[in-house]
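Got a structure for you, written out below as structure tokens; questions coming shortly.
Start at 1 and go down the list; that is how both ligands and their atoms are numbered.
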Amino acid sequence: MNEKLLEVRNLKKYFEIGKKGLFSKTKSYLKAVDDVSFDVKKGETLGLVGESGCGKSTLVNTILDLITPTFGRVIFDGKDLFSLGKKELRSIRKYIQIVFQDPFWSLNPRMLVKDIVGEPLKVQEKINNFEIMKRVEKLLEMVGLPKDGAYKYPHEFSGGQRQRIAIARALALMPKLIVLDEPTSSIDVFSQAQILELLERLKKKFNLTYIIISHDLSVVSYMADRIAIMYLGKIVEYGDSDTVFNHPMHPYTQALFAAIPDINMENIEDMVTLKGNVPSSINPPKGCRFHTRCIYAKGICSIEEPELIMLEDGRRVGCHMIRQ
Ligand code: SF4
């Protein structure tokens with residue numbers, strides 16, 4: 001698991017939202033992703049965690065080149081994605097797939113399952129309908145659905161089964177990286193466990209690499225080998241999942257984890273819960289972006305932005321109070 005599959009370097013995505021004032025020439029930007037760097041190794045699962053609006057989805061959409069980045073590089077399997085031409089990018093993009101949060105909306109209700117799952121094959125592979133059908137049946141089998149499900153519509157399945165259809169479609173082109181965007185949040189608890197088991201099984205079988213976005217920390221702790229905690233467009237803590245879950249260092253990670261009562265971690269009684277709302281990304285607090293909500297904030301925190309520093313255990317943390 002040491003070979004890097006994805007390298008994200010100083011990635012920024014700013015959305016222009018107009019002028020600062022009526023007569024001002026200065027433009028205002030919403031800094032959804034601001035100077036984010038991390039790696040994902042082949043065969044590992046990276047968990048991306050943070051409150052809604054922290055930039056997780058924009059980060060993933062920028063990596064997938066679904067939205068144009070403002071700055072930075074994304075290197076996938078040795079290729080610099082933003083420097084590729086359209087044709088080359090399309091041939092690489094098939095190795096990166098996404099499974100969306102709600103399969104009810106992500107699957108076209110007017111299409112039969114065979115067409116939903118077979119569509120990527122039709123677009124990307126030069127194979128005839130008979131071969132596509134054979135592959136579709138195999139894919140349905142892989143995700144635990146009966147072959148005859150191919151001739152049904154998405155609404156004829158339960159939420160968990162619909163998510164299996166979405167997974168089968170994502171697997172169709174044998175991707176190397178699958179982004180799982182809240183993959184279990186819209187299905188019942190029993191199906192959630194089954195979907196997570198399925199994803200783990202498929203990962204092992206096909207040596208897949210996952211990025212999982214979830215607000216459910218139990219899902220992330222079950223799936224992730226490494227974890228990145230995001231706050232207001234920045235990564236504040238990033239490291240081995242067990243290490244971070246057992247001993248969170250950044251005050252934001254501590255507060256976030258403390259809000260989950262059943263998570264297994266040390267010193268939970270020392271932890272704090274979050275106060276106030278997430279500030280706006282249009283005008284984020286100066287210095288450490290978390291200082292307006294941090295109970296440990298000192299003078300320097302509102303002046304100087306902390307750098308991510310690497311600790312002895314290999315994790316990176318961005319907080320003035322943490323020294324090597
Ligand atoms: Fe809190 Fe200061 Fe650390 Fe930011 S830098 S998390 S405000 S202690």
Side-chain angles (χ1 to χ4, degrees), residues 8-14 29-39 46-59 71-72 213-217 220-221 224 226-261 263-324:
V8 177
R9 294 288 172 268
N10 308 105
L11 196 64
K12 294 182 183 180
K13 179 61 199 177
Y14 295 175
Y29 293 94
L30 187 152
K31 297 179 176 178
V33 175
D34 201 6
D35 205 11
V36 164
S37 298
F38 64 89
D39 298 328
L46 175 79
L48 216 47
V49 172
E51 289 165 284
S52 50
C54 72
K56 304 180 298 267
S57 297
T58 308
L59 173 62
F71 185 82
I213 301 176
S214 183
H215 68 274
D216 186 339
L217 290 175
V220 177
S221 76
R226 275 201 290 174
I227 180 171
I229 312 291
M230 279 189 82
Y231 186 75
L232 267 188
K234 290 201 171 273
I235 289 179
V236 296
E237 184 157 3
Y238 165 60
D240 173 76
S241 175
D242 288 343
T243 309
V244 175
F245 270 110
N246 288 327
H247 188 40
M249 297 284 282
H250 193 282
Y252 177 63
T253 318
Q254 293 180 354
L256 202 62
F257 287 8
I260 311 295
I263 205 157
N264 180 23
M265 65 172 78
E266 293 167 10
N267 301 326
I268 196 164
E269 64 282 0
D270 295 338
M271 294 177 189
V272 290
T273 46
L274 283 164
K275 54 171 183 166
N277 297 323
V278 184
S280 164
S281 304
I282 299 169
N283 196 12
K286 290 210 162 52
C288 171
R289 291 183 180 195
F290 187 54
H291 84 259
T292 54
R293 301 170 85 193
C294 179
I295 60 160
Y296 304 113
K298 300 269 189 298
I300 189 177
C301 301
S302 57
I303 300 166
E304 210 177 288
E305 189 174 330
E307 280 178 25
L308 275 181
I309 53 167
M310 193 190 280
L311 307 186
E312 271 177 6
D313 58 17
R315 86 174 88 187
R316 289 170 196 269
V317 187
C319 173
H320 288 305
M321 301 306 134
I322 292 163
R323 299 275 174 254
Q324 261 171 306

Anything under 30° is parallel, anything over 60° is perpendicular, the rest tilted; go ahead and classify Tyr231 against Phe290.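 Ring orientation of Tyr231 relative to Phe290: perpendicular.
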
Sidechain-backbone polar pair: Thr58 side chain, Val33 backbone, donor-acceptor under 3.5 Å: no

Which value, rounded to the nearest 0.5 Å, describes the distance between Arg316 atom CZ and Phe38 atom CZ?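 Nearest 0.5 Å value for the CZ-CZ distance: 13.0 Å.
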
Which word best sums up how the rings of Tyr29 and Tyr14 line up, parallel for under 30°, tilted for 30 to 60°, or perpendicular for over 60°? tilted

Sort by chain and number the protein N/O/S atoms found under 2.8 Å from atom 3 (Fe) of ligand 1. Cys319 SG

Hey, does Met321 have a side-chain heavy atom less than 4.5 Å from the side chain of Pro306? no

Keeping Glu237 on the side-chain end and Met249 on the backbone end, is there a donor-acceptor pair under 3.5 Å?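 Here the side-chain-to-backbone pair exists.
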
